[in-house]
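Structure record follows, encoded as structure tokens.
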Amino acid sequence: MNMLDYDRALYYTHRSQWDNLLILMVRTNDDLLSKRIEHFLHSYNFERNERIVEENLYSLLCYIDYAGEQALQSELNAMEQSL
């Protein structure tokens, strides 16, 4: 897990930098993050129902939060083991 990908995804989403978010979607090694970004960007650009756009945004943000916590926890565990 790359913590930097989750930080970037959150930053790009917060700043509405959709081009950078699209580039991150292609470059990340996290398939679930890539899929969540894809679903959000597709709904943002093509969906007329705002509720669906909000659901996809919320799904992306929840996954970023969850995966970021897991990445941080794994980094902390690795640091503890090296001591």
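Since we're looking at a predicted model, the values are computed, not measured.
Going from atom CZ of Arg36 over to atom CE of Met25 covers 14.5 Å, rounded to the nearest 0.5 Å. Note that CE of Met3 and CD of Glu69 are 8.5 Å apart. Values are rounded to the nearest 0.5 Å. Rounded to the nearest 0.5 Å, atoms CD1 (Ile23) and CZ (Arg8) are 10.5 Å apart. Summarising the geometry, atom CD belonging to Gln17 is positioned 11.5 Å from atom CG belonging to Leu24; distances are rounded to the nearest 0.5 Å.
If you chain together hydrophobic residues whose side chains sit under 4.5 Å apart, Leu57 and Tyr11 fall into the same group. In the hydrophobic clustering of ILVMFWY residues, with side-chain heavy atoms under 4.5 Å counting as a link, Leu32 and Ile64 come out together. Under a hydrophobic-cluster definition in which Ile, Leu, Val, Met, Phe, Trp and Tyr are linked whenever side-chain heavy atoms come within less than 4.5 Å, directly or via other members, Ile52 and Tyr58 are assigned to different clusters. Both Tyr12 and Val26 are members of a single hydrophobic cluster when ILVMFWY side chains are connected at heavy-atom separations under 4.5 Å. Phe46 and Phe40 are not part of a single hydrophobic cluster, where members link through side-chain heavy atoms under 4.5 Å apart.
Counting only heavy atoms from C-beta outward, the side chains of Thr13 and Leu21 approach each other to under 4.5 Å. The side-chain heavy atoms of Leu22 and Leu41, taken from C-beta on, include a pair separated by under 4.5 Å.
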Might you work through the side-chain contact (heavy atoms from CB on, under 4.5 Å) test for Leu61 and Leu10, ending with a clear yes or no? CA-CA 7 Å; Leu61 293 175; Leu10 186 59; 3.8 Å; yes
Mind running side-chain contact (heavy atoms from CB on, under 4.5 Å) on Asn77 and Gln73 for me, showing each step along the way? CA-CA 6 Å; Asn77 289 342; Gln73 188 62 39; 3.3 Å; yes
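Taking every heavy atom of both residues into account, Ser34 and Thr28 meet most closely at CB-CG2, 3.9 Å.
More than 12 heavy atoms of other residues, nucleotides or ligands shown are found within 6.0 angstrom of CG on Asn45.
Using cut-offs of 30° and 60° for the angle between ring planes, the Tyr63 and Tyr6 rings count as perpendicular.
When atom types are taken as modelled, the side chain of Ser59 and the backbone of Glu55 share no donor-acceptor pair closer than 3.5 angstrom.
Note on Glu38 versus Lys35: salt bridge recorded, some NZ/NE/NH1/NH2 to OD/OE distance being below 4.0 Å.
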